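Down below is the structure, laid out as structure tokens.
Bear in mind the structure is a predicted one, so any value in this text is a computation, not a measurement. These values consider heavy atoms only, across backbone and side chains, with no hydrogens, waters or symmetry-generated copies. A, B, ... follow the sequence lines: proteins, then strands. Residue 1 opens every chain.
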There are 2 protein chains.
Amino acid sequence: MDSLAIADHLKNHGIKPSYPRIQIYKYLYDRRSHPTVDQIYNDLIKLIPTLSKTTIYNTLGLFINATLVKSFMLDENEKRYEIIIHDHSHFKCEKCNSIYDIPYDDIDLLPQQYNNFQIDEVQIFLRGICEDCLEQ
Amino acid sequence: MDSLAIADHLKNHGIKPSYPRIQIYKYLYDRRSHPTVDQIYNDLIKLIPTLSKTTIYNTLGLFINATLVKSFMLDENEKRYEIIIHDHSHFKCEKCNSIYDIPYDDIDLLPQQYNNFQIDEVQIFLRGICEDCLEQ
DNA sequence: AACTTCAGTGTAATCATTACATATATGATA
DNA sequence: TATCATATATGTAATGATTACACTGAAGTT
Ligand SMILES: [Mn+2]
Ligand SMILES: [Mn+2]
Ligand SMILES: [Zn+2]
Ligand SMILES: [Zn+2]
């Protein structure tokens with residue numbers, strides 16, 4: 001997704017596509033990682049020397065309101081952010097601290113119903129040791 | 001579970017059963033809620049006028065190490081704590097902010113396997129609107 | 001009693017996040 | 001183009017949860 005396509009995409013969601021906004025979106029889109037605000041800042045400051053953390057917080061807030069991005073917390077005390085592409089859950093390795101995406105198909109589950117509760121969102125976190133770390 | 005039984009229980013897990021420790025355990029055991037440190041403090045200060053938050057943090061840390069208690073975070077920025085009795089997941093109502101326990105039996109799932117990953121813990125959070133709030 | 005150990009407390013430091021005020025860019029209007 | 005209005009971006013300060021640290025005091029041991 002190039003900058004022009006991102007700009008259109010943001011406009012379609014009612015967000016004016018300023019340069020920092022486009023770059024933050026692009027960052028999340030290209031890496032498909034789960035960065036903290038600090039990580040985003042440390043990476044993008046190379047590209048946008050005037051960038052401030054406040055701008056990152058504000059921009060992510062906008063994206064979340066437009067349901068382009070979502071945030072979640074593991075047990076650390078920093079929020080993590082990721083672009084919303086399709087539903088999946090997360091696995092965190094206790095050894096290498098990597099966070100893996102896990103497609104829903106791979107965990108056999110259907111938690112769509114609970115009594116008469118309306119369920120809008122399901123978050124699943126797995127914790128353990130990843131394949132790579134187990135091999136050592 | 002009375003104070004004597006709790007004292008024994010703590011001893012069995014290598015924790016000296018001081019008065020504050022017993023009361024904090026009792027608090028979590030009796031209420032079966034998901035309090036923040038602040039809530040624990042504000043409630044127990046009535047019973048233990050000299051209690052400090054540091055003591056609560058230390059005590060919960062001990063309990064967590066002994067796997068008597070676990071902590072988790074929703075999207076707020078305060079950790080929540082609960083006693084470990086049996087596995088279950090959580091539902092948070094977006095209207096009344098209540099946190100409900102949901103037995104695993106009620107959500108049809110078996111995420112025990114993923115490739116060759118070793119899965120030690122599964123956390124499931126549901127989000128939506130609870131029965132009570134829907135009725136209004 | 002003297003000594004050791006450890007639980008408990010209070011204060012200060014840390015760090016993520018938010019609030020706020022100011023500066024800058026954009027876009028419309030005259 | 002000059003002027004004005006509005007939205008965006010930035011920097012600094014405030015907030016609030018958690019942790020670090022140093023001290024106090026109780027309990028037990030010799
Ligand atoms: Mn993900
Ligand atoms: Mn629970
Ligand atoms: Zn790993
Ligand atoms: Zn409710």
Discussion item. What contact category does B:Thr55 fall into here, base, sugar-phosphate, or nothing, at under 4.0 angstrom with non-hydrogen atoms?
Written reply: base
Worksheet entry | Nucleotide of C:dA7, C:dT17, D:dT10 approaching B:Ser18 most closely (side-chain heavy atoms) | C:dA7
Discussion item. Please report the distance, rounded to the nearest Å, between CD1 in A:Ile45 and C1' in D:dA9.
Written reply: 12 Å
Discussion item. In the structure I gave you, are the side-chain heavy atoms of A:Ser71 and A:Ile64 within less than 4.5 Å of one another anywhere?
Written reply: yes
Practice prompt. Report the distance from atom CD1 of B:Ile24 to atom P of C:dA7, rounded to the nearest whole Å.
Written response: 13 Å
Worksheet item: Where the side chain of B:Asn58 is concerned, which of C:dT9, C:dA7, C:dA19 is the nearest nucleotide?
Response: C:dT9
Worksheet item: What's the OH-C1' distance between B:Tyr41 and C:dG8, to the nearest Å?
Response: 13 Å
Worksheet item: Given C:dT17, is OP1 or OP2 found less than 4.0 Å from the side-chain N or O atoms of A:Tyr57?
Response: yes
Item to complete: Could you check whether A:Lys53 gets within reach of a base, just the sugar-phosphate, or nothing at all, counting any heavy atom under 4.0 Å?
Response: nothing
Worksheet item: If each of B:Thr59 and A:Asp38 is mapped to the nucleotide of DNA chain C with the nearest heavy atom, which maps nearer the 5' terminus, i.e. the 5' end?
Response: B:Thr59
Response to the item:
Whole-Å distance, B:Leu10 CG to C:dA7 P, equals 12 Å
Practice prompt. Applying ring pair (Phe, Tyr, Trp, His ring centres under 6.0 Å), run through A:Phe125 and A:Phe72 and close with a yes or a no.
Written response: CA-CA 10 Å; A:Phe125 297 129; A:Phe72 62 92; 5.7 Å; yes
Worksheet item: When only distance counts, do a donor and an acceptor, one from the side chain of A:Thr54 and one from the base of D:dG11, lie under 3.5 Å apart?
Response: yes
Worksheet item: Counting side-chain heavy atoms from CB outward, which of D:dA9, C:dG10, D:dT12 is closest to A:Pro20?
Response: D:dA9
Item to complete: With DNA chain C as reference, determine whether A:Glu78 or B:Leu51 sits nearer its 5' end, using the nearest nucleotide of each.
Response: B:Leu51
Worksheet entry | Result of checking B:Glu78, B:Glu82, B:Glu76 against B:Arg80 for side-chain contact (heavy atoms from CB on, under 4.5 Å) | B:Glu76
Worksheet item: Given atom CZ of A:Arg21 and atom P of C:dA25, what is their separation to the nearest angstrom?
Response: 15 Å
Practice prompt. Measure from CG on B:Asn77 to P on D:dT18 and round the result to the nearest Å.
Written response: 8 Å
Worksheet entry | Rounded interatomic separation in angstrom, taking CD1 from A:Ile56 and P from D:dG11 | 11 Å
Worksheet item: Within 45 degrees of the axis of the six-membered ring of A:Tyr19 and under 6.0 Å from its centre: does A:Arg21 put its NZ or CZ there?
Response: no
Item to complete: Select base, sugar-phosphate, or nothing to describe what B:Thr50 touches, counting heavy atoms under 4.0 Å on all strands.
Response: sugar-phosphate
Discussion item. For A:Tyr29, does the six-membered ring have the charged nitrogen or CZ of A:Arg32 within the cation-pi criterion, i.e. under 6.0 angstrom from the centroid and within 45° of the normal?
Written reply: yes
Practice prompt. Provide, to the nearest angstrom, the distance between the CG atom belonging to B:Leu62 and the C1' atom belonging to C:dA7.
Written response: 10 Å
